[in-house]
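Okay, so here's the structure we're looking at.
Throughout, residue positions are numbered sequentially from 1 according to the sequence presented.
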Amino acid sequence: MFIERLNDAFNAFINLGGSAMMFIIITILSLIVGVSISKAIEGGLRMAIALTGMGAIISLLSSTFAPALESFVESTGVSLSVTDLGWAPLAVITWGSVYTLYFAFICLVVNAIMLIAKKTTTLNVDLFNIWNLSVIGLLTMYYSDNNLILTTLFVGFIYALMLINADVMKPTINRLLGYDQDNITTTAHPSLLIAPVVMLFNKIIDVCLPFIDKFDFNAEALNKKIGFWGSNFAIGAYLGVFIGLLGRQSAAEIFTLAFTGAVALELFALVGSWFGPAIGPLSEGITNKMSKRFSGRKLLIGIDWPILATRAELWAVANILAPILLVVAIFLPGNTVLPLGGILLTVLAPALLIVTRGRVVRMTIIGTVLIPLFLWGATLIAEFVSKTSKAMGNFPEGLSSNALISSVDSDPIEKMLAILFGKAVDTMDMKLIGFSILALVVYILLFAWYFKQMRKENKKLESESN
């Protein structure tokens, strides 16, 4: 009887919807870690509003673009039938799931253990972006028939790599941003897990195209020239016109698509900025408690990747890669995603900036080579994103019931590994298990090599500064 009542209460809580759930959960957790009542309620309310706002923008974009996309597929036969809505649908799905809080707890435990064992000096307070890890965790559960042990181990392992990466990137961040040696700011953002692959291609350029840096140029001057033409709403308008022409829409419909695309991309940036302050009080409470535990040690504080956004090279390359992404999407074998919300590859540009130290030509070449990974990753997770979104009741209005949505977002390799490991454990197929072991070994070796290369570069930076 008690179990039934508990289950009924849990189901009633779930049925409140993702926004209401997160309002309650964020508020209660903030109070537990010592945040004042007003700040705790403010954080919970901001989270609920941000989730609601994102859902509304996604529905607006999808309902307006759906007819043109369907017409494009019918008239051309090009099967770009999956609508990319950027990072927003993944954030809405994950922050609407109670498992995200479980993954957040696992990450906090891993961070504490690594700090105690002195395996990292980074205290990651960027709790909002735990949703990126939650996507990987939910994918693993989805394909492994809810194997929580495998999921926990995989999420913890990926988070440990993120923390070590935050440590080894710090000297380069100092150099790029002009920080002094006493600065404690770094980033452990999951999107930077692509850095080892970027490093691999950067080394290939060193060997095969050592002269390429002679053709580098001033990114800040380029951004000034681009100006309005590279803004969020301008790019949204281009997309609307592009989709309208592909779908052979009328002039009036093309104007509507252009204006809606402009509104959506501008609002994505605006509403997306609400998530950080929403999780801020909870992050501050946890930081205060952790700092007391590790008083006397110099800790690096890991925050979101936009600390790198002051570098002009990042935005120059993001703008250069946007049209390249569209062209590659149309012709790439195995891709079914038409990039919309993720058209600006800010999930790739930070790693390009860090590894190449802001050399724009290298960033552009490597970014172009890596675009297929992000498109294939988005294609692979489309089924999961669509089914989960429908199950949670936040599938965008205006799309047909059999439509698919996805996200050109960070961690394509980790998502592929999650699917591979999940299927291997679920089926116990020896061939899949063998591939999983091989993939894991290659993945670990690549990171080990990358960390070694970064530490070598760090020693060079240290000797140059002395």
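Under the 3.5 Å distance criterion, the side-chain polar atoms of T122 are left unmatched by any main-chain donor or acceptor of N124. The main-chain N or O of V347 is never found under 3.5 Å from a side-chain atom of D409 such that the two would form a donor-acceptor pair. Put simply, the side chain of T94 gets close to the backbone of L90: a donor and an acceptor are under 3.5 Å apart. Remark: the backbone N or O of K170 is not paired with any side-chain donor or acceptor of T186 at under 3.5 angstrom. Judged by distance alone, the side chain of N111 and the main-chain N or O of L123 form no donor-acceptor pair under 3.5 Å.
Listed here is the closest heavy atom pair of L321 and T364: CD2-O, 3.8 Å. When all heavy atoms are compared, the tightest approach of A188 to M162 is O-CE, 2.9 Å. What you find for G334 and T379 is that their closest heavy atoms are O-CG2, 3.6 Å. Considering every non-hydrogen atom in both T151 and S144, the closest pair reads OG1-OG, 4.4 Å. Between L375 and A329 the shortest heavy-atom distance is CD1-CA, 3.7 Å. Heavy atoms only, all atoms of each residue included: L352 and M363 are closest at CD1-O, 3.4 Å.
Between the OG1 atom of T140 and the CG atom of L150 there is a distance of 6.0 Å, given to the nearest 0.5 Å. Going from atom CG of L345 over to atom OG of S191 covers 11.0 Å, rounded to the nearest 0.5 Å. With rounding to the nearest 0.5 angstrom, the CG atom of L325 is 10.0 Å from the CD1 atom of I330. In this structure, the separation between CG on L161 and CD on E414 is 8.0 Å, given to the nearest 0.5 Å. The CD1 atom of I381 sits 11.0 Å away from atom CG of L138, with the distance rounded to the nearest 0.5 Å. In this structure, CG on D411 lies 6.0 Å from CG on N132, to the nearest 0.5 angstrom.
With sequence neighbours excluded, no residue forms a ring pair (Phe, Tyr, Trp, His ring centres under 6.0 Å) with F201. Residues that satisfy the side chain to side chain contact (heavy atoms under 4.5 Å, CB included) test with A40, not counting sequence neighbours, are T27, S30, L31, V35.
Test M199, M169, K203 against V355 for side chain to side chain contact (heavy atoms under 4.5 Å, CB included) and you get one pass: M199.
The closest side-chain heavy-atom distance from V197 to Y450 is not below 4.5 Å. Inter-residue side-chain proximity for K119 and I164 is flagged as unmet; no heavy-atom pair is nearer than 4.5 Å. At a threshold of 4.5 Å between non-hydrogen side-chain atoms, the residues D84 and L338 do not count as touching. Looking at L192 and T187, their side chains come closer than 4.5 Å, going by heavy atoms from C-beta outward. With contacts defined as side-chain heavy-atom distances shorter than 4.5 Å, the pair I405/S389 qualifies. Annotation: side chain of I413 is in contact with side chain of L373 (closest heavy-atom distance under 4.5 Å). Proximity of Y143 to L139: side-chain heavy atoms (C-beta onward) are separated by under 4.5 Å at one or more points. Contact check for M114 versus V110: side-chain heavy atoms found under the 4.5 Å cut-off.
The aromatic rings of F447 and F451 sit tilted, their planes meeting at an angle between 30° and 60°.
Counting heavy atoms of neighbouring residues, nucleotides and ligands inside a 6.0 Å radius, atom CZ of F157 exceeds 12 of them.
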Legend entry - CA sep, side-chain torsions, deciding dist, call: W376, V337, side chain to side chain contact (heavy atoms under 4.5 Å, CB included): CA-CA 8 Å; W376 286 327; V337 176; over 6 Å; no
Inset, instruction - Would you please test S410 and I194 for side chain to side chain contact (heavy atoms under 4.5 Å, CB included) and show each step? - result: CA-CA 8 Å; S410 62; I194 196 67; over 6 Å; no
